[in-house]
Amino acid sequence: MPGIDKLPIEETLEDSPQTRSLLSVFEEDTATISSYYNQLFQAMQRIYDAQNELSAATHLTSKLLKEYEKQRFPLGGDDEVMSSTLQQFAKVIDELSSCHAVLSTQLADAMMFPITQFKERDLKEILTLKEVFQISSDDHDMAINRYSRLSKKKENEKVKSEVMEDVYTSRKKQHQTMMHYFSALNTLQYKKKIALLEPLLGYMQAQISFFKLGSENLTQQWEDFLTNIGTSVQNVRREMDSEVDVMQQTIQDLEQASDLLYMPDPDPNKIPINRNLTRKAGYLNTRNKTGLVSSTWDRQYFFTQGGNLMSQSRGDVAGGLVMDIDNCSVMAVDCEDRRFCFQISAFDGKKIAILQAESRKDCEEWIATINNISKRIYLSENPEETAARVNQSALEAVTPSPSFQQRHESFRPSTQGRPRAGRTSSQSSAGSESPALSSLSLDSLVAPDTPIQFDIISPVSEEYATQAKSASQGRRTNPFGESGESHSAQISELKATENTDVIYETMRQILAARAIHNIFRMTESHLLVTCECLKLIDPQTQVTRLRFPLSSVVLCATHQENKRLFGFVLQTAGGRVDGRPVTVCYIFESNNDGEKICDSVGLAKQIALHSEMDRKATQKQRELDKAKEKQQEELNKQKQIEKDLEEQSRLIAASSRPNPPAADGQFLVLSNSQSEDSDAGEEGRKRGESEA
């Protein structure tokens, strides 16, 4: 018989959407089998019921034929021939009734028992396992969701332990249930054939034994056919038993080997991190913004396919493209509500994805894998070996010489209070430090005998580390961020910064020095352009190596012929020589077009300038509004004083008029106390008026 399709028990722990899709095919096949076998069971039940009815009807017929002679027909009279004939018929039919009874028994044992057992035991077992598997899968999803919501802050160790134990228990339960469920579905592919063939075999054998008096040739043909069918059934049964043994052994082996993988955050000492991967797949949580400040996290299955990052939800037939990760940038990020997060930025910077891994190991492996794919290592013949060599070279390149920076400091001007000049990356070279002078010839743009530093990514000082840390908080990243892969070198003294000739001359001297000293491999970094600064980021560790304030960048230009070369002039924050500020020129070699990076720097400076102008205009408007409010308050006070003076004058005038006579012609005479009070009131009003 043809081979049997099987579910891969080895992939039950990964629980990928592909495995779930294959599982849905088997479940659909199981539902079809159940529907079909229910109909077949009803048909065979009708055969069995009909056979029982036929046996009972035959027996009743024989009985009625035997009682024929006892009947008294008014018109028939005694007919001994008819009675004798009917007795013979009764005897034959009685024997036939016995045969039908035997046939009914054989049909019950050989036809109805196998299909009833398959329907009541095997199919119900599949349904029960499906329900248990669904419950365990839901429990596992809830446990993973609860674990993913653990705060990155130091939480209660008891709660963390309970959550991790819950994940361990639910994952183990799901894995074991899924393996047994897969085993039952695989076994069902054999049982459905047995459940179909055995009843038919029993039915035909019962019918042949019933029609034994039939044609010998026909009987012989059926016996040969049924013999072959019986042999096939036995072969399928033996194959099923062998496959069940293999699956049980596989389940035991996988349970023992997968114990460490049940923990969501395994110990890296037991399961080391592999940084040489060029392909990876697994479940990640992706952040989707639902508002200006709100967001949600969805758990999806992500996998790499060539230079593309794909995602697939449960129930989907195939995965969808998330983004192209060729020449992309990836770095670990610090999310407020989640741990183990990393960010992928597309080549053009227009698309950004923030993902959360299940563990620190998984997060670092994803970052390393995407870095390797970004360098197109997957196109080589042996990607893992190539990735190992590249990563080893990167580690050697970023390991600085401890005496190099000390040697370089001896060549630099000794100016007190001036911070060390920042350095850069994209394949880069840095220019020179010294006062900005007016227009000079190209030969005198850079001071002679200026020392060149070919690796400006030396150990970062604490000053830059503190600077980078403070700048990373509460800062908005510009949407046109550019990244480059860089090498570096540095020259020391600039003599003019008003035009781009100083950048071209610095490029010429650095390229010449590289050729003379055979220096071609430099340190690789990512250059990030924001509205506040330029940052150099280590592509492996995502640590900010250097930071240049954008306000200090006074000039930026690309090489006239090689557009991958670009540079900028940086004016240092402190330190002066001959009363003029010290400037530094940095040169970079990028894997992108240098003009785009210079345009991004210019656009960033424009945005920063407009933002500063808007801030000053807003501040000035606020000051004007305050002055107007103050002036209005003074005017209101003056009006109130004038109103009070008018009221006092009116009262004084009213008190100085003589009293009118009374209605009866008599005058009102004031007492002495009233006169004194009136005089005192008048004096008070006069005093208030003089004071006003």
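The figures here come from the full heavy-atom set of this structure, side chains too, leaving out hydrogens, waters and symmetry mates. For this chain, numbers begin at 1 and follow the sequence in order.
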Of all heavy-atom pairs between [X] and [Y], which one has the smallest distance, and what is that distance?
{"X": "Ser183", "Y": "Thr187", "answer": "O-OG1, 2.7 Å"}
{"X": "Cys531", "Y": "Ala608", "answer": "O-CB, 3.6 Å"}
{"X": "Lys270", "Y": "Pro272", "answer": "O-CD, 3.7 Å"}
{"X": "Ala332", "Y": "Gln542", "answer": "N-CG, 3.3 Å"}
{"X": "Cys335", "Y": "Arg287", "answer": "SG-NH1, 4.5 Å"}

Within the 4.5 Å heavy-atom criterion, are [X] and [Y] side-chain neighbours or not?
{"X": "Thr19", "Y": "Glu14", "value": "no"}
{"X": "Ser258", "Y": "His175", "value": "yes"}
{"X": "Lys158", "Y": "Val163", "value": "no"}
{"X": "Leu7", "Y": "Leu22", "value": "yes"}
{"X": "Ser374", "Y": "Ile325", "value": "no"}
{"X": "Pro114", "Y": "Ile194", "value": "no"}
{"X": "Leu123", "Y": "Phe118", "value": "yes"}
{"X": "Glu243", "Y": "Asn186", "value": "no"}

Report yes or no: do [X] and [Y] form a side-chain donor-acceptor pair below 3.5 Å?
{"X": "Tyr190", "Y": "Asp241", "answer": "no"}
{"X": "Arg20", "Y": "Ser137", "answer": "yes"}
{"X": "His526", "Y": "Ser329", "answer": "no"}
{"X": "Gln249", "Y": "Asp253", "answer": "yes"}
{"X": "Asn372", "Y": "Thr278", "answer": "no"}
{"X": "Thr286", "Y": "Gln300", "answer": "no"}
{"X": "Trp297", "Y": "Asp337", "answer": "yes"}
{"X": "Tyr378", "Y": "Glu384", "answer": "no"}

When you measure from the side chain of [X] to the backbone N and O of [Y], does any donor-acceptor pair fall under 3.5 Å?
{"X": "Asp139", "Y": "Lys173", "value": "no"}
{"X": "Gln174", "Y": "Ser136", "value": "no"}
{"X": "Ser35", "Y": "Thr32", "value": "no"}
{"X": "Asp348", "Y": "Lys350", "value": "yes"}
{"X": "Gln312", "Y": "Asp316", "value": "yes"}
{"X": "Lys351", "Y": "Val322", "value": "yes"}
{"X": "Thr530", "Y": "Cys533", "value": "yes"}
{"X": "Thr304", "Y": "Lys280", "value": "yes"}
{"X": "Ser611", "Y": "Ile607", "value": "no"}
{"X": "Glu358", "Y": "Tyr283", "value": "no"}

State the [atom1]-[atom2] distance between [X] and [Y], to the nearest 0.5 angstrom.
{"X": "Glu336", "Y": "Asp334", "atom1": "CD", "atom2": "CG", "value": "8.5 Å"}
{"X": "Leu23", "Y": "Leu185", "atom1": "CG", "atom2": "CG", "value": "6.5 Å"}
{"X": "Lys191", "Y": "Ile33", "atom1": "NZ", "atom2": "CD1", "value": "12.0 Å"}
{"X": "Ile251", "Y": "Met178", "atom1": "CD1", "atom2": "CE", "value": "12.0 Å"}
{"X": "Asp324", "Y": "Phe347", "atom1": "CG", "atom2": "CZ", "value": "10.0 Å"}
{"X": "Met112", "Y": "Ile47", "atom1": "CE", "atom2": "CD1", "value": "9.0 Å"}

Excluding sequence neighbours, so at least two apart, what forms salt bridge (Lys or Arg N to Asp or Glu O under 4.0 Å) with Arg279?
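Per chain and number, Arg279 pairs via salt bridge (Lys or Arg N to Asp or Glu O under 4.0 Å) with no residue.
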Under 4.0 Å between a Lys/Arg side-chain N and an Asp/Glu carboxylate O for Glu198 and Arg237?
yes
Decide, yes or no, whether a salt bridge links Arg314 with Asp15 under the criterion of side-chain N to carboxylate O below 4.0 Å.
yes
Using the rule given for salt bridge (Lys or Arg N to Asp or Glu O under 4.0 Å), can you reason through Glu255 versus Lys172, listing the C-alpha separation, both sets of side-chain angles and the distance that settles it, and then say yes or no?
CA-CA 9 Å; Glu255 285 181 351; Lys172 183 175 182 179; over 6 Å; no
Under the criterion salt bridge (Lys or Arg N to Asp or Glu O under 4.0 Å), I'd like the reasoning laid out for Glu364 against Arg360: C-alpha separation, chi angles, the key distance, then a yes or no.
CA-CA 6 Å; Glu364 294 186 9; Arg360 187 176 303 278; 5.1 Å; no
Side chain to side chain contact (heavy atoms under 4.5 Å, CB included) evaluation trace for Cys328 with Met323:
CA-CA 9 Å; Cys328 74; Met323 63 191 307; 5.5 Å; no
For the CZ atom on Arg299, are there more than 12 heavy atoms of other groups (residues, nucleotides or ligands in this structure) within a distance under 6.0 Å?
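Atom CZ in Arg299 is packed in, count exceeds 12.
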Give the C-alpha distance, both sets of side-chain angles, the deciding distance and a yes or no for side chain to side chain donor-acceptor pair (under 3.5 Å) between Asn285 and Asp298.
CA-CA 5 Å; Asn285 292 328; Asp298 297 329; over 6 Å; no
Applying side chain to side chain donor-acceptor pair (under 3.5 Å) to Gln189 and Asp29, what does each step give before you reach the verdict?
CA-CA 9 Å; Gln189 301 303 310; Asp29 181 71; 3.2 Å; yes
Quiz: residues 36-46 side-chain donor-acceptor pairs under 3.5 angstrom, not counting sequence neighbours:
from, atom 1, to, atom 2, distance (Å)
Tyr37, OH, Lys192, O, 2.1
Asn38, ND2, Ser34, O, 3.0
Gln45, NE2, Asp49, OD1, 3.0

Under the criterion side chain to side chain contact (heavy atoms under 4.5 Å, CB included), I'd like the reasoning laid out for Arg389 against Thr386: C-alpha separation, chi angles, the key distance, then a yes or no.
CA-CA 5 Å; Arg389 291 197 301 269; Thr386 305; 3.5 Å; yes
Taking it one step at a time, do Met164 and Lys160 satisfy side chain to side chain contact (heavy atoms under 4.5 Å, CB included)?
CA-CA 6 Å; Met164 296 184 70; Lys160 182 178 179 181; 4.0 Å; yes
What verdict does the salt bridge (Lys or Arg N to Asp or Glu O under 4.0 Å) test give for Lys361 and Glu365, after you've listed the backbone C-alpha separation in whole Å, the side-chain angles of each residue and the deciding distance to 0.1 Å?
CA-CA 6 Å; Lys361 169 185 175 296; Glu365 285 187 351; 3.1 Å; yes
Please determine whether side chain to side chain contact (heavy atoms under 4.5 Å, CB included) holds for the pair Arg376 and Leu379, giving the CA-CA distance in whole Å, both sets of side-chain angles, and the decisive distance to 0.1 Å.
CA-CA 6 Å; Arg376 298 188 176 183; Leu379 298 176; 4.1 Å; yes
Sort out for me which residue in Phe26, Phe182, Tyr181 forms a ring pair (Phe, Tyr, Trp, His ring centres under 6.0 Å) with Phe133.
Tyr181
